[in-house]
Amino acid sequence: MGIGYACLAAGVPQTEMKSLTLASVSEKTLMDTCRTNIAHLKNLITYTKGQGIELFRISSDLIPFGSSVANTLPWWEVFASELASIGVLAQEGGIRLSMHPGQYTVINSPNKSVVDNAIADLLYHARVLASLGCTPDAKIILHIGGGYGDKEAASRRFITVYRSLPHEVRQRLVIENDDKLYTIGEVLAIAEKAGCPAVFDNLHHAINPGREALTEREWMLQCASTWKPGDGRQKIHYSQQDPTKRAGSHSPSIALDEFLLFYEGLSGLSIDIMLEVKDKNISALKCMHATSGATREQLEAQWQRYRPLVHERDPAMVWEIKELLQGGGDGQSLGVAFYRLLERILAMEVSRPQAVITAETVAKQCIRTPTEGRRIDKRIAAYKRAEIPLDKLKQSILTLANNHAVDEVLTSYYFMM
DNA sequence: TGACGTCAAGATCCG
DNA sequence: CGGATCTTGACGTCA
């Protein structure tokens, strides 16, 4: 059972993907952005390996306009050795890579140019994974596409195009149920006819379940038979609903007990779980530590990152956590207890006076000049008088931390919530 | 024609 | 001038 996260790592400096607009595309900007993004991908993989995280989805933004005629740079040749070395790094870390083109890559469209563009996009994704030296278990996850008033015909078009895809795409392509149109039952029917593995997405399924009343576990068992030996372990997507947003919006973080319940339901299955959640790696580590266990050092390292968030809610809780971490218990039960306590604390309201003290402490580590000091003092004063919200104050502190590359601050979760 | 999702780039405003 | 904040982009489908 592997657990992983998608595209970006919160609190890991130098891992953001830069993008370009069409108007600013040139040989130079393309070179620069590709170089930066590939270096950042290396940092992401290094971090992921260091944390023992077994799954990672590479952002489609790695190469700007990767599948567009606007990009004439043979990036896979220019950066061949660098990409290969990143692939080796991932392999050493036992990291299974994947990619997931967005909602705009549609191969079942009745419009030929849309399909041609989509195929070019899939070739781009396959080329990224191939350049990294990935085996065919590194998958490209795709939705079926549009309905066009006739889902049967649209499904048939999907299968026809799927069969015509170049081998390097087809060997990696897997299909997923979506939250509006194609239910897991319909995806499975297509998967069986096309001979393509199916990914079960629990949240999409909750919103768009279709008429057959199978349990989640039964659906996952059905999907299991679409995965053949060379495809690697069966994959699923797991996410939770953000209660404050529209149906289908991913929650800011994974609620542990709800996840553990789902995880228990997977017993006896061999599945890789890709989490889709706003806080990315943060929740991935939580779910990993609470299921497979964690060393005291791993929990200690997480605690240091959460610390300012606890401090701004209730400094007394800092001691509770320290006590917990010093107490006994094996890696798994300690992990569960640690993250349950953290969730309880993070659900508490931030007290304004306490948030001021925390902000002052964090800001102090980032201020290098009197001007900066005065600017931050002003922001803190404005927050004290309730003229600006806390996240605006944090934003100014983050800008400073970035400008001076203050790693102790940048690696904390202080700015994430 | 705008919503949908995403989030950095780009533009503009502010101190 | 630099930082903060607002707007745009780039894609396809559907209401």
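Just so it is clear: chains get the letters A, B, ... in the order the sequence lines come, proteins before strands, and each one is counted from 1.
- With rounding to whole Å, A:Gln14 atom CD is found 13 Å from B:dA8 atom P.
- As judged by a 4.0 angstrom heavy-atom cut-off over every strand, A:Lys18 is placed among residues touching the sugar-phosphate backbone only.
- Put simply, CG on A:Leu62 is 16 Å from P on B:dC7, counting in whole angstrom units.
- Taking the six-membered ring where the residue is Trp, the centroids of A:His237 and A:His100 are separated by under 6.0 Å.
- Within the structure, every pair that satisfies the side chain to side chain donor-acceptor pair (under 3.5 Å) test and touches residues 116-131 of chain A, not counting sequence neighbours, is listed here: A:Ser60-A:His125, A:Ser67-A:Asp121, A:Thr105-A:Asp121, A:Lys112-A:Asp116.
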Could you pull out the protein-nucleic contacts involving nucleotides 1-4 of chain C (nitrogen or oxygen on both sides, under 3.5 Å)?
residue : atom : partner  : partner atom : Å
C:dG3   : OP1  : A:Asn403 : ND2          : 3.2
C:dA4   : OP2  : A:Thr399 : OG1          : 3.1

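- Note on residues 339-361 of chain A: pairs passing salt bridge (Lys or Arg N to Asp or Glu O under 4.0 Å), not counting sequence neighbours, are A:Asp257-A:Arg340, A:Lys286-A:Glu343.
- The stretch residues 154-171 of chain A participates, sequence neighbours left out, in no side chain to side chain donor-acceptor pair (under 3.5 Å) pair at all.
- Partners of A:Glu27 according to the salt bridge (charged side-chain N to carboxylate O under 4.0 Å, His left out) rule, which considers only residues two or more places apart in sequence or in another chain, do not exist here.
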Polar atoms only, N or O, under 3.5 Å: list the protein pairs with nucleotides 11-15 of chain C and their distances.
residue : atom : partner  : partner atom : Å
C:dC11  : N3   : A:Tyr104 : OH           : 3.4
C:dT13  : OP1  : A:Ser109 : OG           : 3.0
C:dT13  : OP1  : A:Tyr148 : OH           : 2.3
C:dC14  : OP1  : A:Gly147 : N            : 2.6

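- Within the structure, side chain to side chain donor-acceptor pair (under 3.5 Å) contacts touching residues 221-230 of chain A (residues at least two apart or in different chains) do not occur.
- Two residues, A:Leu8 and A:Thr21, neighbour DNA chain B, and the one matched to the more 5' nucleotide by heavy-atom proximity is A:Leu8.
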When the side chains of residues 88-97 of chain A are checked against the rest of the protein, which donor-acceptor pairs come out under 3.5 Å, sequence neighbours left out?
residue : atom : partner  : partner atom : Å
A:Glu92 : OE1  : A:Lys49  : NZ           : 2.9
A:Arg96 : NE   : A:Asp137 : O            : 2.9
A:Arg96 : NH1  : A:Arg233 : O            : 2.8
A:Arg96 : NH1  : A:Asp272 : OD2          : 2.7
A:Arg96 : NH2  : A:Asp137 : O            : 3.2
A:Arg96 : NH2  : A:Asp231 : O            : 2.9
A:Arg96 : NH2  : A:Arg233 : O            : 3.0

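- The aromatic rings of A:Phe262 and A:Tyr238 sit tilted, their planes meeting at an angle between 30° and 60°.
- Protein atom NZ of A:Lys394 is 16 Å distant from nucleotide atom P of C:dT5, rounded to whole Å.
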What protein N or O atoms touch nucleotides 11-15 of chain B N or O atoms at under 3.5 angstrom, if any, and at what distances?
none

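- Residue A:Ser19 has no polar side-chain atom (N or O) positioned under 4.0 Å from OP1 or OP2 of B:dA9.
- Straight-line distance from the NZ atom of A:Lys245 to the P atom of B:dA3: 17 Å, rounded to whole Å.
- Within the structure, side chain to side chain donor-acceptor pair (under 3.5 Å) pairs that include any residue of residues 361-382 of chain A comprise A:Glu372-A:His404, A:Arg379-A:Ser396 (at least two apart or interchain).
- A:Glu312 pairs by the salt bridge (charged side-chain N to carboxylate O under 4.0 Å, His left out) definition with A:Lys394, not counting sequence neighbours.
- In this entry the distance linking CE of A:Met416 with P of B:dC7 reads 13 Å, nearest Å.
- Nearer the 5' end of DNA chain C, as judged by each residue's closest nucleotide, is the contact made by A:Ile388, out of A:Ile388 and A:Leu20.
- Legend: residues meeting salt bridge (charged side-chain N to carboxylate O under 4.0 Å, His left out) with A:Asp61, ordered by chain and number and at least two apart, are absent.
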